[in-house]
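The block underneath contains the structure these notes are about, expressed in structure tokens.
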Amino acid sequence: MKKSFSFTNKEIAKIFNEIAAAYQVKEDNQFKVAAYQKAAVSVEHATSEIKDLWDDNKLDQVPGIGKNIASYLDELFRTGKVKHFEEIKRDLPPAMFEFLKIPGVGPKTAYALATKLNIKSAKNAIERLKKAAKEGKVRVLENFGEKSEKDLLEGIISLEKGELKTKRMLLPYADNLASEIVNYLKNCPQVLQVHPLGSLRRMVATIGDIDLSVCTKSPEKVIDYFLKFKKIRTVLDKGKESLVRVILLSGQQIDLRLSLPESYGAMLQYFTGSKQHNIELREYALKKGMSLSEYGIRLINLPQKPLKKFADEESFYHELGLSWIPPEIREGRGEIEAAKSNSLPRLIDNKEIKGDLHLHSNFDIEPSHDLGASSPEEMIEEALRLKYEYLGFSEHNPSTSQHTEKQIIEILKRKSEFFEQIKYSIERVKKIPIKILNGLEIDIKPNGELALPEKAFDYLDYAIASVHTNFNLSREKMTQRVLRGLQHPKVKILGHPTGRLLEEREGYELDWELIFDFCLKNNKFLEISAWPNRLDLPDILVKDAIAKGVKVVINSDSHHVEQMKLMKYGVAVARRGWAESKDVLNSQPWEKISQIFNI
DNA sequence: GCCGTTTTCGGCCCGACTGTTTTCAGTCG
């Protein structure tokens, strides 16, 4: 292996952002600035470590990284630094890059502050800037004033308090909160339509702010009605007809945007984003002589540049010669191309889900992890309500530290008998049209062995293999571990494949090409766990997997009957990964499942 | 500096808001 220096994606993104800032200060080509910013975003959002891609000679797969930046990355990984970058930053005060962390401070402002206040070194730079602002030394600088000095000070204080790192909400939490307000608004007679906007409408795994839009002919009346909502604590600003911001009792900020019916479509499209989708859409439109905005479409080749309005999104996209693009895939990942050639995927729908193969009932299996809280009967009842055709119970394996092999086999035998009885009662006696599967979720030990004696497998219909311990193995070792764990013929599913916990823990690194190939050859399925802080496999990897022909299975991982309805968030992840019904195991009929599981 | 079924050269998203200014520059989403 070649000798190399390690940099995380975050560190690389920071380097690129600093180069962009440096070029901005030097008033270099603005598109070069944009190129580095784009590269930074791309690196930050990558699902693989850039270092690993470099190792595998795959840097050209990263959008926004071309020949030049790739060569700089090569130098960075080989030598630990980039001469060209050092050159660019040489005559700039290091302190200015610290100042960029302050909200409202961009490159030009940061540079002006650092040079005019003579704060050069990065050490304690922000502290020294704060002192200068407190002493009134900022307001006297050219292009600064009392207000900007005050804003600067407030910005520094909120940075110090860590207020800027506001945690993002998990999707189901934000979705519930928004639904409550949406339902409230729908009761207002002047409200014609309500939609969530932004990341919530796109069903991203975590949500920053909740934005909602209302279509109405009388915005003032809707605003009055909205402000009577019981859970509002503070009104931040109103008076405008198009926007109200409030803080709820829970501390959550809600932005409500209002639009007249004739231009609602353009507004909805604009604020749904994503930013990347909109940028690409506008670039695409420009080539057709059209300029897009939240108000509509302007024909820029005509002298008076008339604005055409759109009442709905469908007509907006059609005007551009595109089919309507579902919000979940508006991420700038090829959807515009697909819409143009009329080849958008027919995304999997909640109604197409025919079963749930990852449930933890309260059958006492003496597990190493948590036991479920609901009985199989309760879960079966809920499954019928959800119109499922089949249901798989996969409790955690019995704890290996507290049982002998013999005891574990005994417990599995008991579980099998217990579920055979349930199957008999459901299928034969009560003649309820649902198939029950007796499964298990088994730990993959660090060496890749499964935490279950071979003989115990005889008592299972199928198994899910998951990593629950020792997350910090190298990518190679983790990949070998997972591949070994998947080898057993009874193991059909890799549970929550990256092990990430949203807002808590990064997932472990795997060599996805090897995993995908293995799944494809051996008929294994990657789980999309609908569990709120997992939503794992992540959407981008779902898209990669499906492009390779690998199939996924969407499971709720319910430990309580109430959690079974969280399935829809797993479906959202699948949709964001461009999954169609054919790509999803549990949208297949029972015959197909029984064939694949050899039951 | 990136990128490509209208281009390997010549393009590169759009508008709101704010503060310091008398017409704009910087920041943000």
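Convention: sequence-line order gives letters A, B, ...; per-chain numbering from 1.
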Euclidean distance, atom [atom1] of residue [X] to atom [atom2] of [N] [Å, nearest integer]:
{"X": "I336(A)", "N": "dC12(B)", "atom1": "CD1", "atom2": "P", "value": "16 Å"}
{"X": "N29(A)", "N": "dG1(B)", "atom1": "CG", "atom2": "P", "value": "9 Å"}
{"X": "Q276(A)", "N": "dC14(B)", "atom1": "CD", "atom2": "P", "value": "14 Å"}
{"X": "D255(A)", "N": "dA16(B)", "atom1": "CG", "atom2": "C1'", "value": "14 Å"}
{"X": "F316(A)", "N": "dC14(B)", "atom1": "CZ", "atom2": "C1'", "value": "11 Å"}
{"X": "Q269(A)", "N": "dG15(B)", "atom1": "CD", "atom2": "C1'", "value": "14 Å"}
{"X": "E283(A)", "N": "dC12(B)", "atom1": "CD", "atom2": "C1'", "value": "6 Å"}
{"X": "Q30(A)", "N": "dC12(B)", "atom1": "CD", "atom2": "P", "value": "10 Å"}

How far does the [atom1] atom of [N] sit from the matching atom of [M], given to the nearest Å?
{"N": "dC14(B)", "M": "dC9(B)", "atom1": "C1'", "value": "25 Å"}
{"N": "dG15(B)", "M": "dG10(B)", "atom1": "C1'", "value": "25 Å"}
{"N": "dG19(B)", "M": "dC12(B)", "atom1": "C1'", "value": "29 Å"}
{"N": "dT23(B)", "M": "dG29(B)", "atom1": "C1'", "value": "25 Å"}
{"N": "dT21(B)", "M": "dC17(B)", "atom1": "P", "value": "22 Å"}
{"N": "dG26(B)", "M": "dT20(B)", "atom1": "C1'", "value": "11 Å"}
{"N": "dG11(B)", "M": "dA16(B)", "atom1": "P", "value": "27 Å"}
{"N": "dT5(B)", "M": "dG1(B)", "atom1": "C1'", "value": "24 Å"}

For [X] and [Y], work out which heavy atoms get closest and say how close.
{"X": "N278(A)", "Y": "G273(A)", "value": "ND2-CA, 3.7 Å"}
{"X": "L320(A)", "Y": "K288(A)", "value": "O-NZ, 3.4 Å"}
{"X": "S293(A)", "Y": "Y270(A)", "value": "C-CD1, 4.4 Å"}

Going by atom types alone, do S4(A) and K51(A) pair a side-chain donor with an acceptor below 3.5 Å? yes

Y111(A) and Q24(A) side chains, donor-acceptor separation under 3.5 Å: no

Syn versus anti for dT5(B), judged by chi lying within 90° of 0? anti

Could you check whether [X] gets within reach of a base, just the sugar-phosphate, or nothing at all, counting any heavy atom under 4.0 Å?
{"X": "F271(A)", "answer": "nothing"}
{"X": "H277(A)", "answer": "nothing"}
{"X": "L286(A)", "answer": "sugar-phosphate"}
{"X": "I69(A)", "answer": "sugar-phosphate"}

What pairs of nitrogen or oxygen atoms, one from the protein and one from nucleotides 6-10 of chain B, lie under 3.5 Å apart?
none

Compute both the distance and the angle, then confirm whether K89(A) meets the cation-pi test with F97(A): under 6.0 Å from the six-membered ring centre, within 45 degrees of the axis. yes

For dT8(B), which nucleotide is its Watson-Crick or G-U wobble mate, given both distances must be under 3.5 Å? none

Within the structure, does a side-chain N or O atom of Y295(A) lie under 4.0 Å from either OP1 or OP2 of dA16(B)? yes

Non-hydrogen side-chain atoms of K230(A) and L249(A) separated by less than 4.5 Å: no

Whichever of A70(A) and L292(A) has the more 5' nearest nucleotide on DNA chain B, that residue is A70(A)

More 5' along DNA chain B: N68(A) or F31(A), using each one's nearest nucleotide? N68(A)

Under the salt bridge (charged side-chain N to carboxylate O under 4.0 Å, His left out) rule, collect the residues that match up with K32(A), sequence neighbours excluded. D28(A)

Using a cut-off of 4.0 Å between protein heavy atoms and nucleotide atoms, how would you tag nucleotides 19-29 of chain B 5' to 3' with B, S and -? SSS----SSSB

Which distance, rounded to the nearest 0.5 Å, do you find between the CG of L170(A) and the CG of L535(A)? 8.0 Å

Applying salt bridge (Lys or Arg N to Asp or Glu O under 4.0 Å), run through K150(A) and E154(A) and close with a yes or a no. CA-CA 6 Å; K150(A) 188 167 152 269; E154(A) 281 170 7; 3.7 Å; yes

With distance as the sole test, does R201(A) use its side chain to make a donor-acceptor pair with the main-chain N or O of T272(A) at under 3.5 Å? no

